[in-house]
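When reading the values below, keep in mind they use all heavy atoms of this one structure, side chains included, and skip hydrogens, waters and symmetry mates.
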Amino acid sequence: ALPILAQKAHPAMQLMWVQVLLYSMLITSLEAVDLRCPSSCSCSQLENGVTADCGGAAGEPSTITAVPKGFPVDTSVIYLGHNNISTLGKSSFQGLDRLTDLHLFANQIQSIDLRRSEE
């Protein structure tokens, strides 16, 4: 329901109150999504989780030489193609339990150590 003042207001004012209410709801819903993303990537929220695109452009030099840190915990897809990544360590994807798709094509991978650390 609209505030009492808005109920007695001119129809144009009622429309403004509705717009303010909808804008507030939109801002609140956007704040609920945590899309902190590594600076070298762009992240987007999809139905099945966050998709992170850290891929370089084909044929162009890339400055990414290691798997970036700081992905949102609900990341499900990471694109890291066309970079200069040479090593995947055991902490490269730590905490990303929802990760289902990892794209690493066109890198310089020479070493992979994905063993769990002994606790």
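Rounding to the nearest 0.5 Å gives a distance of 11.0 Å between OG of Ser92 and CG of Leu99. Note that CZ of Arg98 and OG1 of Thr75 are 9.0 Å apart. Values are rounded to the nearest 0.5 Å. Taking OG of Ser76 as the reference point, atom CG of Asp97 lies at 12.5 Å (rounded to 0.5 Å). Interatomic distance, CD of Gln110 versus OG of Ser86, reported as 5.5 Å (0.5 Å rounding).
Take Thr65 and apply the side chain to side chain contact (heavy atoms under 4.5 Å, CB included) test, not counting sequence neighbours, and it matches Asn84.
Between Leu80 and Pro68, the shortest heavy-atom distance links the atoms CD2-CD, 3.8 Å. Summarising the geometry of Pro72 relative to Cys43, their closest heavy-atom pair is CD-SG, 4.3 Å, with the distance given to 0.1 Å. A pairwise comparison of heavy atoms in Lys69 and Ser91 identifies NZ-O, 3.2 Å as the closest pair.
Applying the under-4.5 Å side-chain rule to Ile, Leu, Val, Met, Phe, Trp and Tyr, the cluster around Val73 consists of that residue alone. Through direct or indirect side-chain contacts shorter than 4.5 Å among Ile, Leu, Val, Met, Phe, Trp and Tyr, Phe105 is connected to no other residue.
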Using the side-chain contact (heavy atoms from CB on, under 4.5 Å) rule, take Ile78 and Leu96 through it: C-alpha gap first, then chi angles, then the decisive distance, then the call.
-> CA-CA 10 Å; Ile78 300 176; Leu96 299 178; 3.9 Å; yes
Might you work through the side-chain contact (heavy atoms from CB on, under 4.5 Å) test for Asp74 and Gln45, ending with a clear yes or no?
-> CA-CA 9 Å; Asp74 60 339; Gln45 180 72 45; 3.6 Å; yes
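Counting only residues at least two apart or on different chains, the disulfide bond (SG atoms under 2.5 Å apart) pairs with a member in residues 46-89 are Cys41-Cys54. Sorted by first and then second residue, the pairs that involve residues 41-80 and meet ring pair (Phe, Tyr, Trp, His ring centres under 6.0 Å), not counting sequence neighbours, are Tyr79-His103. Listed by first and then second residue, the side chain to side chain donor-acceptor pair (under 3.5 Å) pairs that reach into residues 50-62 are Ser62-Asn83, sequence neighbours excluded.
Under the 4.5 Å side-chain criterion, counting only non-hydrogen atoms from C-beta, Val77 is not in contact with Leu46. By the 4.5 Å heavy-atom criterion applied to side chains, Leu104 and Leu88 are counted as neighbours.
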